[in-house]
Amino acid sequence: MDRNKICGVYKITNIINGNFYIGASVYIRGMYSIHLNRHVRKFKDSHNFYKEIYEYGKENFELEILKLCDRSELLINEQDYRDWE
């Protein structure tokens, strides 16, 4: 398995205040990079998650892989974790 192309559910946590975002992707590490770079500029005025990245800096966020799964199970597994938010 290519370690860069990990498929599953992930959590991005603000290490300063503990706020977090849960998502799912077929390419977790790539999506993490997109969240912390490209999406911040685009969505910082409309989404609290991106506003926090803009305010606190991407160095204050960490990625945790919650569950590895097949692409066909992504949405079900993501919803299971979001239900616990």
Side-chain angles (χ1 to χ4, degrees):
M1 175 169 81
D2 182 348
R3 288 190 45 88
N4 292 321
K5 294 190 179 177
I6 298 170
C7 181
V9 181
Y10 61 89
K11 179 180 177 181
I12 300 173
T13 304
N14 179 329
I15 60 173
I16 293 173
N17 64 19
N19 290 342
F20 62 89
Y21 171 83
I22 292 178
S25 177
V26 295
Y27 184 28
I28 291 175
R29 296 206 191 281
M31 183 54 73
Y32 179 60
S33 178
I34 289 169
H35 279 308
L36 296 186
N37 294 297
R38 192 176 339 151
H39 282 11
V40 171
R41 292 184 300 274
K42 187 175 182 181
F43 298 114
K44 69 179 170 65
D45 295 326
S46 62
H47 194 287
N48 287 337
F49 172 64
Y50 297 112
K51 185 183 295 184
E52 284 199 11
I53 295 170
Y54 186 78
E55 289 176 12
Y56 291 95
K58 64 185 176 182
E59 65 277 1
N60 289 306
F61 289 80
E62 63 184 17
L63 173 67
E64 177 184 356
I65 298 171
L66 300 175
K67 183 169 187 168
L68 300 177
C69 62
D70 292 328
R71 175 183 226 140
S72 62
E73 301 170 330
L74 272 178
L75 296 179
I76 292 168
N77 286 315
E78 179 185 19
Q79 189 58 52
D80 286 346
Y81 282 94
R82 285 180 176 254
D83 288 344
W84 290 101
E85 285 185 283

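Predicted model only: the values in this text are computed from it and were never measured.
- Closest of all the heavy-atom pairs between Ala24 and Leu74 is CB-CD2, 3.8 Å.
- In this structure, Ile76 is not a member of the same hydrophobic cluster as Ile28, with clusters built from ILVMFWY side-chain heavy atoms closer than 4.5 Å.
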Return all side-chain donor-acceptor pairs below 3.5 angstrom for residues 58-72, not counting sequence neighbours, or 'none' if the list is empty.
from, atom 1, to, atom 2, distance (Å)
Lys58, NZ, Asn37, OD1, 2.6
Asn60, ND2, Tyr56, O, 2.7
Lys67, NZ, Asn77, OD1, 3.4

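- The CG atom of Leu75 lies 11.0 Å from the CG atom of Asp80; values are rounded to the nearest 0.5 Å.
- For Tyr50, the ring-ring contact (aromatic ring centres under 6.0 Å, His included) partners are His35, His39, Phe43, His47, not counting sequence neighbours.
- Nearest approach of Val40 to Leu36, heavy atoms of both residues: CG2-O, 3.6 Å.
- Using modelled atom types, one side-chain atom of Ser25 and one backbone atom of Tyr27 make a donor-acceptor pair closer than 3.5 Å.
- Residues forming a side chain to side chain contact (heavy atoms under 4.5 Å, CB included) with Lys51 (at least two apart in sequence, or on another chain): Asn48, Glu55.
- Within a 6.0 Å radius of CD1 in Ile16, more than 12 heavy atoms belonging to other residues, nucleotides or ligands are found.
- In this structure, the salt bridge (Lys or Arg N to Asp or Glu O under 4.0 Å) partners of Glu78, at least two apart in sequence or on a different chain, are Arg82.
- With rounding to the nearest 0.5 Å, the separation of CD1 in Ile12 from CE in Met31 is 9.0 Å.
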For Asn19 and Phe49, what are the C-alpha separation, side-chain angles and deciding distance, and is it a side-chain contact (heavy atoms from CB on, under 4.5 Å)?
CA-CA 8 Å; Asn19 290 342; Phe49 172 64; over 6 Å; no
